[in-house]
There are 4 protein chains.
Amino acid sequence: LHTEIDRARLREVARVRVLVADTDTTGIVYHASYLRYLELARVELIRAAGLPYRVLEAAGLALPLTDIAVRYRAPAKHDDFMTIEAGLVLLTRVRVAFQYVVAIAPGDRHGLDARLELLTAETRHACVRLADGRPERLPAPVYELLESCYRNAGGVRGAGP
Amino acid sequence: LHTEIDRARLREVARVRVLVADTDTTGIVYHASYLRYLELARVELIRAAGLPYRVLEAAGLALPLTDIAVRYRAPAKHDDFMTIEAGLVLLTRVRVAFQYVVAIAPGDRHGLDARLELLTAETRHACVRLADGRPERLPAPVYELLESCYRNAGGVRGAGP
Amino acid sequence: LHTEIDRARLREVARVRVLVADTDTTGIVYHASYLRYLELARVELIRAAGLPYRVLEAAGLALPLTDIAVRYRAPAKHDDFMTIEAGLVLLTRVRVAFQYVVAIAPGDRHGLDARLELLTAETRHACVRLADGRPERLPAPVYELLESCYRNAGGVRGAGP
Amino acid sequence: LHTEIDRARLREVARVRVLVADTDTTGIVYHASYLRYLELARVELIRAAGLPYRVLEAAGLALPLTDIAVRYRAPAKHDDFMTIEAGLVLLTRVRVAFQYVVAIAPGDRHGLDARLELLTAETRHACVRLADGRPERLPAPVYELLESCYRNAGGVRGAGP
């Protein structure tokens with residue numbers, strides 16, 4: 001998990017401002033606060049692929065996390081304006097994985113003259129039934145939308161393992 | 001709502017340590033973090049009255065907040081050890097209200113030589129059906145447990161408006 | 001506090017999508033999740049008035065909450081798209097207060113054919129020094145920016161009590 | 001990171017009840033909610049070793065996360081009572097790592113007749129100065145308390161890489 005970020009698959013999907021709510025007493029963003037932003041990023045990524053998350057819910061399905069790995073590279077502070085990139089990096093009939101880079105662009109923090117990467121991360125998800133949490137195959141229309149998302153990002157590569 | 005705390009109805013229900021997760025960049029506990037502690041307090045108050053919250057859920061009911069009012073009186077900091085008092089202050093067939101005091105006892109913060117009140121609060125709740133959010137009367141056994149909780153705290157008073 | 005919302009002072013300041021992170025097991029947005037959105041709203045309101053919050057911090061000041069009151073009127077759900085209105089409703093040399101309405105516009109939830117108000121709220125804040133939490137007067141340039149924000153919203157009224 | 005949990009190093013350090021605040025609309029605990037519990041666990045682990053976290057802060061130091069890896073194995077639900085085990089698994093003059101298991105004991109969920117592991121996790125931390133976030137060596141007294149914590153858990157092994 002997450003030994004290497006597949007940057008060719010990432011695209012910018014969200015820009016968010018750090019709130020006081022996200023910070024902690026050491027003066028930086030609390031590590032768990034970023035997980036909310038990763039959710040925002042993957043939801044917007046698949047929405048852009050034509051798949052609002054509520055379509056999954058309406059089908060009685062969910063994509064709960066099975067694994068997460070995050071490397072924290074530099075701290076963010078209150079009022080920083082962050083850019084979040086995300087990409088689908090694995091797609092099978094029953095599992096998906098996303099990778100993420102959260103960064104601050106040069107113009108988005110006073111005095112910052114080069115892009116600053118805050119963290120890289122990967123999340124893995126299983127498709128399950130909402131009713132009982134049992135594994136379920138992705139419905140064909142959902143799989144096809146995700147496959148299109150995977151293909152568009154990755155150019156010539158196939159649909160993953 | 002919350003013009004006056006009915007202290008005779010309050011009892012100590014929980015003691016919690018402030019985590020970094022609860023704090024913000026100004027060095028104190030973030031105001032919204034306390035709402036989690038108020039939930040803990042009212043859940044433990046009614047559990048002590050013989051009513052685990054899951055009994056309500058099993059009956060297909062919930063007690064969502066309709067109103068909250070909080071007065072923040074003094075800040076708490078990381079690693080403070082807080083005492084939470086809670087009491088049922090209103091009980092009807094369709095509504096309940098709780099009041100709360102969060103404080104630090106003298107021995108629980110280095111250098112503190114008198115009890116420090118951090119906040120006072122009140123929450124009001126309606127009984128609704130989980131399935132559709134429609135109002136519902138409290139089932140008789142639930143009402144009776146809450147009434148006992150109300151009576152035990154309040155001495156000679158009746159069961160409220 | 002919050003007996004009446006001064007709607008003439010409110011303007012739309014943010015639109016946000018509900019994440020799974022904001023919801024709870026009863027299927028609706030957890031009551032405390034909204035407090036993060038209220039922070040976002042007041043920060044964007046004063047930024048629009050020319051006052052990024054970091055200017056306050058750079059001056060060694062903060063505006064911690066002293067009071068909050070929220071009335072929850074209707075539940076929001078995952079993937080709802082919410083509109084947040086905020087306004088400055090009180091301004092003195094040492095205190096400010098904001099009011100808020102969170103709503104869903106007709107086009108922003110499937111099947112919704114009229115604007116749905118989710119909650120109304122008010123927050124009160126004191127100006128304090130970050131270093132020791134002691135009360136402090138708002139610096140004149142900050143006060144003037146807030147006064148301009150207050151006046152522009154309120155038309156003919158004065159600058160508050 | 002986290003390929004294998006060093007169970008001999010873990011000890012039970014906390015028991016916590018799942019609040020509605022921790023859950024999400026899919027009916028289970030939201031994945032990020034567990035990170036708060038992991039903080040609680042490592043803080044209580046080192047407090048039991050004689051090192052309250054505020055001693056670090058008073059020395060102008062912090063131990064921010066550099067990496068986290070979590071494997072989610074089974075979902076928890078509202079009102080579950082969870083047991084958290086934690087252990088120090090790596091200790092150098094500038095870095096520490098902890099591992100964790102969160103589980104439900106048979107008596108702590110209705111109908112559960114065997115221990116249910118919810119997740120395993122590892123966090124890595126660097127020692128930094130609070131003032132500027134620069135790396136710093138652990139002060140000798142702090143290192144010695146952590147070394148004692150490491151040794152007591154691990155029996156005959158040395159103090160790590």
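Labels below follow one simple rule: chain letters A, B, ... track the order of the sequence lines, proteins then strands, and each chain is numbered from 1.
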If I take atom CG from residue D:Leu10 and atom CZ from residue D:Phe98, how far apart are they, to the nearest 0.5 angstrom? 12.0 Å
Salt bridge (Lys or Arg N to Asp or Glu O under 4.0 Å) partners of residues 96-107 of chain B, not counting sequence neighbours, each pair once: none
Identify the two heavy atoms, one from D:Leu145 and one from D:Gly50, that lie closest to each other, and give their separation to 0.1 Å. CD1-O, 3.6 Å
Sequence neighbours left out, what passes side-chain contact (heavy atoms from CB on, under 4.5 Å) with B:Ala74? Give chain and number order. B:Leu116, B:Leu118
The side-chain contact (heavy atoms from CB on, under 4.5 Å) partner of B:Cys127 among B:Leu61, B:Val96, B:Val142 is B:Leu61
With 3.5 angstrom as the limit, list the donor-acceptor pairs from chain B to chain D, or say none if there aren't any.
residue: B:Val20; atom: N; partner: D:Glu39; partner atom: OE2; Å: 2.6
residue: B:Ala21; atom: N; partner: D:Glu39; partner atom: OE1; Å: 3.0
residue: B:Asp22; atom: OD1; partner: D:Arg36; partner atom: NE; Å: 3.4
residue: B:Asp22; atom: OD1; partner: D:Arg36; partner atom: NH2; Å: 3.1
residue: B:Asp22; atom: OD2; partner: D:Arg36; partner atom: NH2; Å: 3.2
residue: B:Arg36; atom: NE; partner: D:Asp22; partner atom: OD1; Å: 3.4
residue: B:Arg36; atom: NH2; partner: D:Asp22; partner atom: OD1; Å: 3.1
residue: B:Arg36; atom: NH2; partner: D:Asp22; partner atom: OD2; Å: 3.2
residue: B:Arg36; atom: NH2; partner: D:Tyr37; partner atom: OH; Å: 3.1
residue: B:Tyr37; atom: OH; partner: D:Arg36; partner atom: NH2; Å: 3.1
residue: B:Glu39; atom: OE1; partner: D:Ala21; partner atom: N; Å: 2.9
residue: B:Glu39; atom: OE2; partner: D:Val20; partner atom: N; Å: 2.6
residue: B:Arg47; atom: NH2; partner: D:Asp79; partner atom: OD1; Å: 3.2
residue: B:Arg54; atom: NH1; partner: D:Asp79; partner atom: OD2; Å: 2.6
residue: B:Glu57; atom: OE1; partner: D:His78; partner atom: ND1; Å: 3.2
residue: B:Glu57; atom: OE2; partner: D:His78; partner atom: ND1; Å: 2.7
residue: B:His78; atom: ND1; partner: D:Glu57; partner atom: OE1; Å: 3.2
residue: B:His78; atom: ND1; partner: D:Glu57; partner atom: OE2; Å: 2.7
residue: B:Asp79; atom: OD1; partner: D:Arg47; partner atom: NH2; Å: 3.2
residue: B:Asp79; atom: OD2; partner: D:Arg54; partner atom: NH1; Å: 2.6

side-chain contact (heavy atoms from CB on, under 4.5 Å) against D:Pro64, all qualifying residues, sequence neighbours excluded: D:Ala62, D:Val128
